[in-house]
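Atoms within a ligand are numbered from 1 in the order they appear, just like the ligands themselves. Bear in mind that the values here come from a model prediction, so they are computed numbers and not experimental data.
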Amino acid sequence: MKLIHCSDIHLDAVMSGLKDSNKAEERRNEILLTFVRMVRYAAKNNVKAILIVGDLFDSIRINPTTLDIVEKCIIGNPSIDFYYTAGNHEKEAFLAAMEDLPRNLKTFEDTKTYRYDEGITISSVSDPSELDLLPSDFNIVLYHGTIRPNAWAHRNIDYLALGHFHELREGSLGSRGRFCYSGCLEGRGFDECGEKGFVRLNIENGILEPVFMQASKRTIHEIRIDVSEAEGTGDADLLISEEIRTNGIPSDDLIKIVLTGVAKNEINTGFLSKKYEEDFYAVHIVDDTSVADMTDSDAEFDISLKGEFIRLVMDKDWTEDEKKAVIEMGTAALGGKSIL
Ligand SMILES: [Mn+2]
């Protein structure tokens with residue numbers, strides 16, 4: 001029997017960090033499209049059940065158009081059982097928004113455990129102590145939230161399908177079974193980088209074969225560039241280009257560029273983000289560099305406000321550590337960086 005485990009789709013979420021409002025709207029539709037594409041994949045590959053482990057929608061305000069598409073997707077695929085448990089984002093709003101629940105949409109309101117002929121069971125509980133699973137069955141359990149694996153071990157669970165964290169995480173549950181967070185289908189902000197998708201589960205003769213399937217329309221890549229050796233913006237630009245080339249990042253994707261190390265000179269991140277925005281769907285530059293230790297002689301020749309500030313601090317009767325901390329905070333603030 002084939003199943004799909006997905007979660008945290010966050011339909012109708014607004015992508016954070018996109019300056020272009022058309023693209024933000026486009027990303028909203030792409031999340032929905034990726035969900036539809038996943039269901040199409042399931043239908044083509046004889047997947048018997050899709051486990052949706054919470055946060056299907058981003059909030060309790062369910063957009064009627066989006067709901068209509070999701071509902072039609074479920075009704076239009078009667079051979080697939082859709083198992084759904086609510087997440088902390090949409091809560092009961094998704095089920096409440098539908099007049100009649102589609103016949104193949106299985107919830108855990110009245111029934112805690114569903115059973116297939118092959119001895120495969122699908123359950124969802126709010127607390128592991130509610131479980132009463134037979135050791136002879138292949139038991140799948142759905143749960144949205146953070147877990148202590150020990151609390152779910154030794155309860156005859158073979159696969160604990162989890163939702164809540166937006167990246168793939170997995171581990172073992174005692175001597176029997178595994179837990180897994182499938183992560184979301186699409187990154188919804190520059191804090192959700194890396195491959196996103198669902199987990200395909202193949203169960204044959206009681207043996208589980210899970211495979212992570214990359215599904216997102218676009219990937220948000222994070223590249224970290226140490227600019228310590230760069231003299232300035234031009235050198236930083238070369239380092240970024242090289243890293244992008246090495247990683248073979250497609251132009252349809254998004255990139256978060258994190259600048260690290262000790263900058264010798266100020267890097268013009270505004271220019272760099274403009275430049276790379278011409279080549280990629282969206283770019284976000286994070287300046288995580290620390291300030292070079294400016295000595296008195298360096299500061300003497302620096303006529304900027306930054307130089308003036310550093311001279312002022314160096315003249316203070318403070319410890320070296322205090323001076324360093326104040327200079328770092330002050331120059332960060334002068335550069336418009338967050339000092340928290
Ligand atoms: Mn979520």
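- Ring centroids of His5 and Tyr159 are separated by less than 6.0 Å, placing the two rings close together.
- Side-chain contacts under 4.5 Å among hydrophobic residues (ILVMFWY), followed directly or transitively, place Ile60 with no other residue at all.
- Shortest non-hydrogen contact noted between Leu272 and Ala236 is CD1-CB, 4.4 Å.
- Note on Ile267: it clusters hydrophobically with Ile223, by side-chain heavy-atom contacts below 4.5 Å among ILVMFWY residues.
- The number of protein N, O or S atoms lying under 2.8 Å from the Mn ion (ligand 1) is 4.
- Taking the six-membered ring where the residue is Trp, the centroids of Tyr84 and Phe108 are separated by 6.0 Å or more.
- Of the options Asn139, Asn156, Asp137, a side chain to side chain donor-acceptor pair (under 3.5 Å) to Thr121 is made by Asn139 and by none of the others.
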